[in-house]
Amino acid sequence: QVQLVESGGGLVQAGGSLRLSCAASGLIFGNYRMGWFRQAPGKEREFVATISQSGGITNYADSVKGRFTVSRDNAKNTVYLRMNGLKPEDTAVYYCTTGGSGTKPSDYAYWGQGTQVTVSS
């Protein structure tokens with residue numbers, strides 16, 4: 001079965017950086033578009049970024065464009081989210097996803113358990 005395991009979250013001060021990782025198994029990784037979403041307390045899960053199967057095409061939410069970078073290493077079955085210039089409003093649980101495409105959570109079939117990112121002001 002498909003498994004996605006996120007790591008790299010933590011507590012960081014505003015303006016700081018983090019890199020999230022998502023290790024995938026149970027699928028032919030290079031065949032799947034990968035995505036990142038996030039969910040803040042009391043809010044709906046929202047789109048952050050996607051990356052195409054080869055890594056050549058990326059898409060970002062306006063709120064993170066220019067600050068976050070999604071990348072992947074198909075040899076390691078891993079997708080990354082580099083987050084720079086973090087703001088308190090970036091505080092959320094970050095989820096890795098695959099098995100679909102688009103910017104809505106319902107577009108995707110598989111999800112990781114999430115990793116908490118907390119940005120202090």
Spell out, yes or no, whether [X] and [Y] are grouped together once hydrophobic residues are joined by side-chain heavy atoms under 4.5 Å, including indirect joins.
X: M34; Y: V64; answer: yes
X: V2; Y: I51; answer: yes
X: Y80; Y: L4; answer: no
X: V12; Y: V48; answer: yes
X: Y32; Y: Y95; answer: no

Would the number of heavy atoms belonging to other residues, nucleotides or ligands and lying under 6.0 Å from OH of Y60 be above 12?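 Yes, the 6.0 Å shell around OH holds more than 12 heavy atoms from other groups.
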
Other residues, nucleotides and ligands only: do more than 12 of their heavy atoms fall within 6.0 Å of NZ on K65?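 Yes.
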
Going by the ring-ring contact (aromatic ring centres under 6.0 Å, His included) test, name the single residue among F37, Y94, W36 that passes it with W111.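 By the ring-ring contact (aromatic ring centres under 6.0 Å, His included) criterion, W111 pairs with just one of F37, Y94, W36: F37.
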
What is the distance from atom [atom1] of [X] to atom [atom2] of [Y], rounded to the nearest 0.5 Å?
X: L18; Y: R82; atom1: CG; atom2: CZ; result: 8.0 Å
X: T69; Y: N84; atom1: OG1; atom2: CG; result: 6.5 Å
X: M83; Y: S17; atom1: CE; atom2: OG; result: 8.5 Å
X: I28; Y: N74; atom1: CD1; atom2: CG; result: 12.0 Å
X: L81; Y: F68; atom1: CG; atom2: CZ; result: 6.0 Å

Is it the case that the side chain of [X] and the backbone of [Y] share a donor-acceptor pair, with hydrogens and angles ignored and the cut-off at 3.5 Å?
X: S52; Y: I57; answer: yes
X: R45; Y: R38; answer: no
X: E6; Y: C96; answer: yes
X: T98; Y: R33; answer: yes
X: Q116; Y: G9; answer: no

Looking at side-chain heavy atoms only, is the closest gap between [X] and [Y] below 4.5 Å?
X: V93; Y: T115; answer: no
X: V79; Y: V70; answer: yes
X: R67; Y: D90; answer: yes
X: Q39; Y: E46; answer: no
X: T91; Y: V117; answer: no
X: N59; Y: T103; answer: yes

Working for side-chain hydrogen bond (donor to acceptor under 3.5 Å, both in side chains), residues T78 and D73: CA-CA 5 Å; T78 301; D73 185 338; over 6 Å; no

Please give me the minimum heavy-atom distance between A14 and P88, naming the atom from each residue.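 Nearest pair, atom of A14 first, then P88: CB-CD, 4.1 Å.
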
Looking at F29, I'd like to know if the NZ or CZ of R72 sits under 6.0 Å from its six-membered ring centre while staying within 45 degrees of the ring's axis.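 Yes, a cation-pi geometry.
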
